[in-house]
Chemist: 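One structure follows; several queries about it will come next.
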Amino acid sequence: MNRQGFQKFVAFAALFSFVPACKQEPSGGPPNGNDTGLVAAAVPVAIVDRLKRTVQSSPSAERIVSLSPATTELLFALGLGDQVVGATKHCNHPARAVDIPRVGGGLLESISVETIVSLKPDLVLCKWDTHQPLLDNLERLNIRVCAVGAQNLDELYEETHWVGQLANRSAEATDLISKMRSRHSELLSLVDDVRTEPPLSVFYEVWDDPLMTAAPNSFIGELLSMAALENIVSDTSVRYPRISAETVIDGDPDLILAPTTHFENVEIESFRSRPGWSAISAVANERIHLISGDEVSRCGPRLLEALAEIILVAYPESAGRIGSESSERQVAP
């Protein structure tokens, strides 16, 4: 295994949440599958976060530090951009997010507690899986912390509801969830019209060295399933397992998908030059496609646009019906 490549993957994994999520009990968020109960909170409420900690919604957060790109995007989507006083190195969307003071990178050891404290936040949104020691330190300093890190669409809706409650944006959260559900329904309806039988098989490359993929129980795997694609790797409980090149060759996928970057830009030609890969149907038929890395690798508000991109490359005939900006975006051939 290439040591340098693995170290880069570890950083990438921490940044984009390629780890299992905790199973959780209902915590005051919206019920799965509908918007019932999504009304502006008239009284303070308690949220039970990803670490099953109780977080009070009062007082309303006015100065927020976000420790992941997906969370930063969610805050802006809820109209809270002006209240985000600190973010991490890779928080780059929307463009305004680039100007937010940096508190470090995505990894725990790169984040400065001193910088966070100097920003005088009344809420810090941490990753439940990678930032727990930091969370404990901030709590000892009497700084309110909420552990987040959605691993599927339902959890994203739930966290949208949480942030709305914590920052007095419940109405905006309800509206955003409604729009996302509507977009989701539109895309699933489109897939029903264009899907093939048997389904197209797919290999999604999360990382190249070591070779890793997205299993069906990951949020990327969820997107592939929504697009009616058959994942060649399905017999694992690991969300982002390490696999061999032989697994891909033997799986002979009709499509190969990958994010546009593994910290460095991904080159389609690199797939064609791998030993034995020229015999794979996706390679022989030139069906290797790159999906926007920021969209597909963050379980945030733009996740459904990643689904739209996947649908577009899997079913080119959908181009006139995909809607939004995806049909006009340059998707690598």
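We use all heavy atoms of the structure for the numbers below, so side chains are in, but hydrogens, waters and symmetry mates are not.
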Chemist: Go through the structure and list residues passing side chain to side chain donor-acceptor pair (under 3.5 Å) with Arg195, not counting sequence neighbours.
Modeler: none

Chemist: Please walk me through it: do Asp175 and Lys179 pass salt bridge (charged side-chain N to carboxylate O under 4.0 Å, His left out)?
Modeler: CA-CA 6 Å; Asp175 183 57; Lys179 288 177 178 177; 3.2 Å; yes

Chemist: How about His93 and Arg302: do any of their side-chain heavy atoms sit closer than 4.5 Å?
Modeler: yes

Chemist: Could you pull out all donor-acceptor pairs under 3.5 Å where a side-chain atom in residues 219-233 meets a protein atom, sequence neighbours excluded?
Modeler:
| unit_1 | atom_1 | unit_2 | atom_2 | d |
| --- | --- | --- | --- | --- |
| Glu222 | OE1 | Leu153 | N | 3.2 |
| Asn231 | OD1 | Val233 | N | 3.0 |
| Asn231 | ND2 | Ala214 | O | 2.8 |

Chemist: Which value, rounded to the nearest 0.5 Å, describes the distance between Ile111 atom CD1 and Thr88 atom OG1?
Modeler: 7.0 Å

Chemist: I'd like to check Tyr315 versus Asp193 (side-chain heavy atoms, cut-off strictly below 4.5 Å). Are they in contact?
Modeler: no

Chemist: Which pairs pass salt bridge (charged side-chain N to carboxylate O under 4.0 Å, His left out) with one or both residues in residues 95-114, sequence neighbours excluded?
Modeler: Asp82-Arg96

Chemist: Check whether any side-chain heavy atom of Leu187 lies under 4.5 Å from a side-chain heavy atom of Ile311, and answer yes or no.
Modeler: yes

Chemist: Which of these, His131, Arg298, Lys127, sits in a side chain to side chain contact (heavy atoms under 4.5 Å, CB included) with Ser68?
Modeler: Lys127

Chemist: My understanding is that only residues two or more places apart in sequence, or in another chain, count here; which of them pass side-chain contact (heavy atoms from CB on, under 4.5 Å) with Leu176?
Modeler: Leu74, Ala77, Leu78, Thr160, Met180

Chemist: Between Arg144 and Glu139, is there a side-chain N and carboxylate O pair less than 4.0 Å apart?
Modeler: no

Chemist: List in chain and number order the residues that pass side chain to side chain donor-acceptor pair (under 3.5 Å) with Asp252, two or more places apart in sequence or in another chain; answer none if no residue qualifies.
Modeler: Ser281

Chemist: Taking a hydrophobic cluster as the set of Ile, Leu, Val, Met, Phe, Trp and Tyr residues connected by side-chain heavy atoms closer than 4.5 Å, whether directly or through intermediates, do Leu119 and Val98 fall within one such cluster?
Modeler: no

Chemist: Between Cys126 and Leu134, what is the shortest heavy-atom contact and its length?
Modeler: SG-CD2, 4.4 Å

Chemist: Would you say that Glu309 contacts Glu295 through its side chain, given a criterion of any heavy-atom pair below 4.5 Å between the two side chains?
Modeler: yes

Chemist: Going through the checks in order, is the salt bridge (charged side-chain N to carboxylate O under 4.0 Å, His left out) test met by Glu159 and Arg50?
Modeler: CA-CA 9 Å; Glu159 291 187 4; Arg50 295 281 169 237; 2.7 Å; yes

Chemist: Going by heavy atoms in the side chains, are Val145 and Val55 under 4.5 Å from each other?
Modeler: no

Chemist: Side chains of Arg169 and Gln83: do they bring a donor and an acceptor to under 3.5 Å?
Modeler: yes

Chemist: Ser244: what forms a side-chain contact (heavy atoms from CB on, under 4.5 Å) with it, not counting sequence neighbours?
Modeler: Glu246, Thr247

Chemist: Over all heavy atoms of both residues, which pair between Gly164 and Ala173 is shortest? Give the atoms and the distance, please.
Modeler: CA-CB, 4.0 Å

Chemist: Side-chain contact test, heavy atoms from C-beta onward, threshold under 4.5 Å: evaluate it for Val248 versus Trp277 and give yes or no.
Modeler: yes

Chemist: Could you check whether any side-chain heavy atom of His184 comes within less than 4.5 Å of a side-chain heavy atom of Tyr157, counting everything from C-beta outward?
Modeler: yes

Chemist: For the residue pair Ser185 / Ser182, report whether a side-chain donor-acceptor contact shorter than 3.5 Å exists.
Modeler: no

Chemist: Are the side chains of Arg287 and Leu200 in contact, using a 4.5 Å heavy-atom criterion?
Modeler: yes

Chemist: Nearest 0.5 Å please: distance from the CG atom of Leu80 over to the CD1 atom of Ile64.
Modeler: 5.0 Å

